[in-house]
Amino acid sequence: MGIPDEVVRTLRDARHVLVLTGSGASAESGVPTFREAQTGLWEQFDPHELATPDAFHRDPELIWRWYTWRRELVARVKPNPGHYALVRLAELVPKLTLITQNVDGLHQRAGSKDVVEFHGNLFQNRCISEDLIVADSDTSTAVPRCPGCGGFIRPGVVWFGESIPPQALKTAASAVQDCDVFLSIGTSSLVWPAAGLAETARDNGAVVIEINLDATTLSERSDHHLQGKSGELLPELVDYLTL
Ligand code: OAD
C-alpha cells in the first residue's frame, strides 16, 4: 500500500507534529509487543504478577529476573528504519514532539532528541523508599539495593496503577493543544492516558494519522489509517517529504 498524497501534503504543511509511538514501533527490531496474539508479552505473562507495585512487594526477585530478561533482550537489538525515519522527520518539520510508551530507549539510540518517555525507561533504576533515580547500583545481587539508604531498587518503568511521570504528562498536555498533526505509530491505543492523546489533539483541530499493522480502536477516528509496518511506511513517507 502506498502513501496517500493527502498524508504527504498534510505533513509538508505541518507546523507541529506530535508523534506517539507504541511497542509496534520496536517490533521490527525484535522487541515483543504486549497484546498481539501468540507473541505479545501480556499473552504469555500475567501483567498483575509482573507489572504492579504489589507484585514487586510480593516477590522483588521475580520482578528483577523478568526485567533483567527484558533489559538483556533490548540491549541485543538495534533501532529499525522506522526509528531512523522519525529522526529525519524531526529535521523536516518546524516542530516535532516525540512521545513514546516504549521503555526500550531505541528512539534515543537512533538519534531522536528530547524523547518524552511516558512509561519510563527500562534501564533506569529507582529507589522505592526515596523514589529517586539511582544512577549506579549493584545489579549483581538478586535485588539491587540503593547505595544511599539500602532500600530496594526497582526498574524505572511505570507499572499498572501508577501515575505517568509529571513532566511527561505536562509536555503531552501542552503538545496536544498545540500540534496540528498527530501521528500514532504502532500502538493499540488501549492504555490510558496515552490512548486519549489522539482524541484530545483531534478535538483541538489536529489531523490524526495512524500507522499500524492492523486496525485499532483509533483507526475509525483517524483521518488516515496507513496499514503496514512502521519500519517500512515511515521511511517511505519521509522519502516523499524530501522529494
Ligand atoms: P500493544 O501490544 O497493545 O499494541 C501493539 C500495536 O502495534 C498493535 O496495534 C499492533 O498491531 C501494532 N504493530 C505490531 N507490529 C507493528 C509494526 N511492525 N508496525 C506497526 N505497527 C505494529 O502495545 P502498546 O500499544 O505499546 O505499558 O501498549 C501500550 C502499553 O501497554 C505499553 O506501553 C505497556 C503495556 O502494558 C506499560 O508497561 C505501562
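Numbering of ligands and ligand atoms starts at 1, following listing order. All of these numbers come straight from a predicted model, not from anything done at the bench.
Of all protein heavy atoms, the one closest to atom 13 (N) of ligand 1 is G24 CA, 3.6 Å. Among protein heavy atoms, atom 19 (N) of ligand 1 sits closest to S230 N, 2.9 Å. The protein heavy-atom contact nearest to atom 25 (O) of ligand 1 is T187 OG1, 2.7 Å. The nearest protein atom to atom 26 (O) of ligand 1, hydrogens excluded, is given as S23 N, 2.7 Å; this is a heavy-atom distance. The single protein non-hydrogen atom nearest to atom 21 (N) of ligand 1 is L213 N, 3.3 Å, given as residue, atom name and distance. Looking only at heavy atoms of the protein, atom 36 (O) of ligand 1 is closest to W42 NE1, 2.8 Å. Ranking protein heavy atoms by distance to atom 28 (O) of ligand 1, first place goes to R35 NH1, 3.1 Å. The single protein non-hydrogen atom nearest to atom 38 (O) of ligand 1 is V158 O, 4.1 Å, given as residue, atom name and distance.
More than 12 heavy-atom neighbours from other residues, nucleotides or ligands sit within 6.0 angstrom of CG on D46. Annotation for E6: atom CD does not count as buried by contact number, only 12 or fewer foreign heavy atoms lying within 6.0 Å. Around CD of Q44, the count of heavy atoms belonging to other residues, nucleotides or ligands within 6.0 Å exceeds 12.
Ligand 1 has no nitrogen or oxygen under 3.5 angstrom from a nitrogen or oxygen of S189. For ligand 1, none of its N or O atoms has an N or O atom of N102 under 3.5 Å away. By the 3.5 Å distance cut-off applied to N or O atoms, G22 is not counted among the residues near ligand 1. The shortest N or O to N or O distance between T216 and ligand 1 is not below 3.5 Å. Any N or O atom pair closer than 3.5 Å counts here, and F160 shares no such pair with ligand 1.
Which of S219, A25, S188, S184 comes nearest to atom 1 (P) of ligand 1 through a heavy atom is settled by distance: it is S188.
For N212 (side chain) and T187 (main-chain N/O), a donor-acceptor pair under 3.5 Å exists by modelled atom type. Of the possible donor and acceptor atoms, one in the side chain of D180 sits under 3.5 Å from a partner among the backbone N and O of R15.
Within ligand 1, counting atoms from 1 as listed, the ones closer than 4.0 Å to a heavy atom of G186 are 5 (C), 6 (C), 7 (O), 21 (N). Heavy-atom contacts of A27 reach the following atoms of ligand 1: 15 (N) (cutoff under 4.0 Å). Numbered from 1 in the order shown, with element, the atoms of ligand 1 that lie under 4.0 Å from a heavy atom of D214 read 11 (O). Atoms of ligand 1 lying under 4.0 Å from any heavy atom of V191, numbered from 1 in the order shown and given with element: 29 (C), 30 (C), 31 (O). Distances below 4.0 Å separate heavy atoms of G228 from the following atoms of ligand 1: 19 (N), 20 (C). The atoms of ligand 1 that sit less than 4.0 Å from any heavy atom of Q101 are 29 (C), 33 (O). Taking every non-hydrogen atom of E36 and a distance limit under 4.0 Å, the qualifying atoms of ligand 1 come out as 10 (C), 14 (C).
No single ILVMFWY cluster, assembled from side-chain heavy atoms under 4.5 Å apart, contains both W42 and L190.
Side chains of E210 and H225: a donor on one and an acceptor on the other come within 3.5 Å.
Judged by the 6.0 Å and 45° rule, R154 forms a cation-pi pair with W159.
The side chain of H119, and not its backbone, has at least one atom closer than 4.0 Å to an atom of ligand 1 (non-hydrogen atoms only; side chain from C-beta on). Heavy atoms of W159 found under 4.0 angstrom from ligand 1: none, in either backbone or side chain. When non-hydrogen atoms are compared, ligand 1 lies under 4.0 Å from the side chain of E28 (C-beta onward) but not from its backbone.
Summarising the geometry, atom CG belonging to L183 is positioned 12.0 Å from atom CD1 belonging to I99; distances are rounded to the nearest 0.5 Å.
Judged as a salt bridge (charged side-chain N to carboxylate O under 4.0 Å, His left out), the pairs with a partner in residues 85-107 (not counting sequence neighbours) are, in order, R88-D239. Under the ring pair (Phe, Tyr, Trp, His ring centres under 6.0 Å) criterion, the residue pairs touching residues 74-98 are H83-H107, with sequence neighbours excluded.
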Quick one, T200 with F182, criterion side chain to side chain contact (heavy atoms under 4.5 Å, CB included). Give me CA distance, side-chain angles, the key distance, then yes/no. CA-CA 10 Å; T200 313; F182 187 100; over 6 Å; no
Pair T100, H119 - check side chain to side chain contact (heavy atoms under 4.5 Å, CB included), show working. CA-CA 8 Å; T100 186; H119 291 164; over 6 Å; no
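The aromatic rings of W69 and F45 sit tilted relative to each other, their planes meeting at an angle between 30° and 60°.
The shortest heavy-atom contact between L234 and I211 is CD2-CD1, 3.8 Å.
Distances shorter than 4.0 angstrom occur between a heavy atom of N212 and an atom of ligand 1.
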